[in-house]
Engineer: 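The structure that follows is given in the form of structure tokens.
We're numbering straight along the sequence, starting at 1. Given the structure is predicted, the values throughout are model-derived calculations rather than measurements.
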Amino acid sequence: MNKYKLCNSTDFLNDDSFVKWLLKSDHDAEMFWDTFVEEHPEKKNEIEEAVEIYNHFKFTSEDLTLEEVFAIWNNVKHKSVEKRFSFLTVLKYAAVFVLVFTTGALSYYLYNNATEETEFTIAENEPLNFNEAQIILSDGKSVPLNSKESEIKYDATGEQVIIDNDTIRQAKEEEPTINRVVIPYGKSSQVTLSDGTQVWLNAGSQLVYPSVFKERQREVLLIGEAYFNVAHNAKVPFVVRTEHADIEVLGTSFDVLAYPDDKMFQTILVTGSVSIETKSKGLLSGKNKMVLEPNQMFYLDKESGVNYVNNVDVATYTSWKEGMFDCDKLDLSRVVRRLERYYNKQIHIKDPLIGTYKISGKLDLKGDISEVLDVIQSFVPIDWGKQQNGDYFIVKPY
């Protein structure tokens, strides 16, 4: 049980045993998690959030229209390693990739017209380790990304992939195949897609995308944070799908912050123009659309549904891809959350009031976390230390 003590809601959803417990499909898993919940009340909030996210996506109606094509898991079951497996049900959302948390099986449903339906499925031979940086290719092969800042580049055909100077070839398929990059906390990655679009993935993020885009669409799924520099194509918009909103562009630079365990969703436009379509009151209800101009940020409070657009200094929100963290009157609690993801370390704020301290200035993240905490200590009246288990803590100075 020790390995689950530091899990957040996303980690739980990425665990095969946890999802079996949610599905009540495995007696041993049910016994284990019932006991875990009783013995670890401090994880109540994370577990409740994971259950809420799962129930948020679950949908059992079988009376479907062509528009109801957002596929996500409903009937989770393992098959033998020789066979492909998928976890499918349908939510009301058109033309989108789907990430299944348990074993990483992916499905993509797209209706090209009323009679033509295309499905792409990734096969996997074993459950993923979401604590390891990796790229999962169309045949289910997982290739580790060993460097702290990995680089992935596709050629125009999608068949050749260069991963940190090593070239890998994917088998040529009649239809585009689905690939995925998994970046755990403590690492980052830059991905160049087959159309030339560049994507910088921040720590704790996942990107799902086709090896090569079809002629009439360019769509990816993001969980976490990424900066996009989209290759211009006036005839084929580029769409980033997230849980709470979709961003559509032609050729543009922008940042998207869409971590499942954050209370807010953000999009910051650097150049060009983006259209943002939000899903009010959850995935199954209405949508709202708005257009951003450069140097504007769209902010959505996930819990209340309140959203607004502000003029901002975009460097404050995009400097992370250069290894910098530009703060402008940001609560220490939010700064700490970003540092936890970037360094893959736990930082405990012992007094909630400390978390309300405002931080302004630039933090250089290229060094050790202790150096960053020293800089923060020069901004606000805190002390920090390191526990025997490797976690850090922040307290008021004595």
Engineer: Kindly check if the number of other-residue, nucleotide or ligand heavy atoms within 6.0 Å of NZ (Lys366) is above 12?
Structural biologist: yes
Engineer: Going by side chain to side chain donor-acceptor pair (under 3.5 Å), name the residues that satisfy it together with Glu293, two or more places apart in sequence or in a different chain.
Structural biologist: none
Engineer: For the atom pair CD1 (Ile268) and CG (Asn310), what is the distance rounded to the nearest 0.5 Å?
Structural biologist: 11.0 Å
Engineer: Is there a donor-acceptor contact under 3.5 Å from the side chain of Ser194 to the main chain of Ser211?
Structural biologist: yes
Engineer: Kindly write out the residues that satisfy ring pair (Phe, Tyr, Trp, His ring centres under 6.0 Å) with Tyr317, not counting sequence neighbours, or none if the list is empty.
Structural biologist: none
Engineer: Using 30° and 60° as the class limits, which term best fits the ring planes of Phe36 and Phe32: parallel, tilted or perpendicular?
Structural biologist: parallel
Engineer: Within a strict 4.5 Å, meaning less than it, do heavy atoms of the Asn179 and Tyr154 side chains meet?
Structural biologist: yes
Engineer: Any salt bridge (charged side-chain N to carboxylate O under 4.0 Å, His left out) involving residues 371-386? Give me the pairs, sequence neighbours left out, ordered by first then second residue.
Structural biologist: none
Engineer: Side-chain heavy atoms nearer than 4.5 Å, only ILVMFWY residues, links allowed to pass through others: does that put Tyr343 and Val375 together?
Structural biologist: yes
Engineer: Would you check if Leu222 and Val199 make a side-chain contact, meaning some heavy-atom pair closer than 4.5 Å?
Structural biologist: no
Engineer: When hydrophobic residues are tied together by side-chain contacts of less than 4.5 Å, even through go-betweens, does Met324 share a cluster with Tyr227?
Structural biologist: no
Engineer: Using a 4.5 Å cut-off on heavy atoms from C-beta on, say whether the side chain of Phe298 contacts that of Val274.
Structural biologist: no
Engineer: Would you compute the distance between atom SG of Cys327 and atom CD1 of Ile376 and round it to the nearest 0.5 angstrom?
Structural biologist: 7.0 Å
Engineer: I'd like to check Val220 versus Thr197 (side-chain heavy atoms, cut-off strictly below 4.5 Å). Are they in contact?
Structural biologist: no
Engineer: Nearest 0.5 Å please: distance from the CD atom of Gln206 over to the CG atom of Leu201.
Structural biologist: 9.5 Å
Engineer: Please identify each residue that fulfils side chain to side chain donor-acceptor pair (under 3.5 Å) with Asp364, with sequence neighbours left out.
Structural biologist: none
Engineer: State, to 0.1 Å, how close Ala133 and Ile183 come at their nearest heavy-atom pair, and which atoms those are.
Structural biologist: CB-CD1, 4.4 Å
Engineer: Please list, chain by chain and in numerical order, all residues satisfying side chain to side chain donor-acceptor pair (under 3.5 Å) with Arg338, sequence neighbours excluded.
Structural biologist: Glu225
Engineer: Look at the side-chain heavy atoms of Ile, Leu, Val, Met, Phe, Trp and Tyr, link any pair under 4.5 Å apart, and say whether Tyr342 and Leu257 land in one connected group.
Structural biologist: no
Engineer: Keeping to residues at least two apart or across chains, list the salt bridge (charged side-chain N to carboxylate O under 4.0 Å, His left out) pairs with something in residues 196-209.
Structural biologist: none
Engineer: With distance as the sole criterion, is a donor-acceptor pair present between the side chains of Ser147 and Asp164 under 3.5 Å?
Structural biologist: yes
Engineer: Side chains of Leu330 and Phe325, heavy atoms from C-beta outward: is any pair under 4.5 Å?
Structural biologist: yes
Engineer: Donor-acceptor pair, Asp262 side chain versus Met264 backbone, under 3.5 Å?
Structural biologist: no
Engineer: More than 12 foreign heavy atoms under 6.0 Å from NZ of Lys358: is that the case here?
Structural biologist: yes
Engineer: Do any N or O atoms from the side chain of Asp368 and from the backbone of Ser370 form a donor-acceptor pair under 3.5 angstrom?
Structural biologist: yes
Engineer: Going by heavy atoms in the side chains, are Ile247 and Thr252 under 4.5 Å from each other?
Structural biologist: no
Engineer: Quick one, Thr356 with Asp331, criterion side-chain hydrogen bond (donor to acceptor under 3.5 Å, both in side chains). Give me CA distance, side-chain angles, the key distance, then yes/no.
Structural biologist: CA-CA 5 Å; Thr356 64; Asp331 286 352; over 6 Å; no
Engineer: Side chains of Asp34 and Trp21 only: does a donor on one sit below 3.5 Å from an acceptor on the other?
Structural biologist: yes
Engineer: Looking at Glu340 and Ile347, would you say the former's side chain and the latter's main chain have a donor-acceptor pair under 3.5 Å?
Structural biologist: yes
Engineer: Applying side-chain contact (heavy atoms from CB on, under 4.5 Å), name anything that partners Asn311, two or more places apart in sequence or on another chain.
Structural biologist: Gln296
Engineer: Taking salt bridge (Lys or Arg N to Asp or Glu O under 4.0 Å) as the definition, give me every residue that meets it alongside Arg334, ordered by chain and number, with sequence neighbours left out.
Structural biologist: none
Engineer: Please tell me if the side chains of Val230 and Phe254 come closer than 4.5 Å, counting only heavy atoms from C-beta onward.
Structural biologist: yes
Engineer: Show me the donor-acceptor pairs within less than 3.5 Å that the side chains of residues 389-397 make with the rest of the protein, sequence neighbours left out.
Structural biologist:
| unit_1 | atom_1 | unit_2 | atom_2 | d |
| --- | --- | --- | --- | --- |
| Asn389 | OD1 | Gln387 | NE2 | 3.4 |
| Asn389 | OD1 | Asp391 | N | 2.9 |
| Asn389 | ND2 | Asp391 | OD2 | 3.4 |
| Asp391 | OD2 | His348 | NE2 | 3.0 |
| Lys396 | NZ | Asp351 | OD2 | 3.2 |

Engineer: Provide the full list of salt bridge (charged side-chain N to carboxylate O under 4.0 Å, His left out) pairs with a residue in residues 299-311, sequence neighbours left out, each pair given once.
Structural biologist: none
Engineer: Is the shortest side-chain N to carboxylate O distance from Asp261 to Arg337 below 4.0 Å?
Structural biologist: yes
Engineer: Is the backbone N or O of Ser253 less than 3.5 Å from a side-chain atom of Thr271, with the two atoms forming a donor-acceptor pair by type?
Structural biologist: yes
Engineer: Quick one: salt bridge (charged side-chain N to carboxylate O under 4.0 Å, His left out) pairs with a partner in residues 182-204, sequence neighbours left out?
Structural biologist: Asp195-Arg218
Engineer: May I ask whether Leu332 and Val372 are part of the same hydrophobic cluster, defined by side-chain heavy atoms of I, L, V, M, F, W, Y residues being less than 4.5 angstrom apart, directly or through others?
Structural biologist: yes
Engineer: Check the angle between the aromatic planes of Tyr308 and Tyr299 and answer parallel, tilted or perpendicular using the 30° and 60° thresholds.
Structural biologist: parallel
Engineer: In the structure I gave you, are the side-chain heavy atoms of Trp200 and Trp320 within less than 4.5 Å of one another anywhere?
Structural biologist: yes
Engineer: How would you list, by chain and number, every residue that makes a side chain to side chain donor-acceptor pair (under 3.5 Å) with Asn295, sequence neighbours excluded?
Structural biologist: none
Engineer: Quick check: is Leu292 connected to Val239 through a chain of hydrophobic side chains (ILVMFWY, heavy atoms under 4.5 Å apart)?
Structural biologist: no
Engineer: Can a donor-acceptor pair be found, under 3.5 Å and without considering hydrogens, that links the side chain of Ser319 to the backbone of Asp326?
Structural biologist: yes
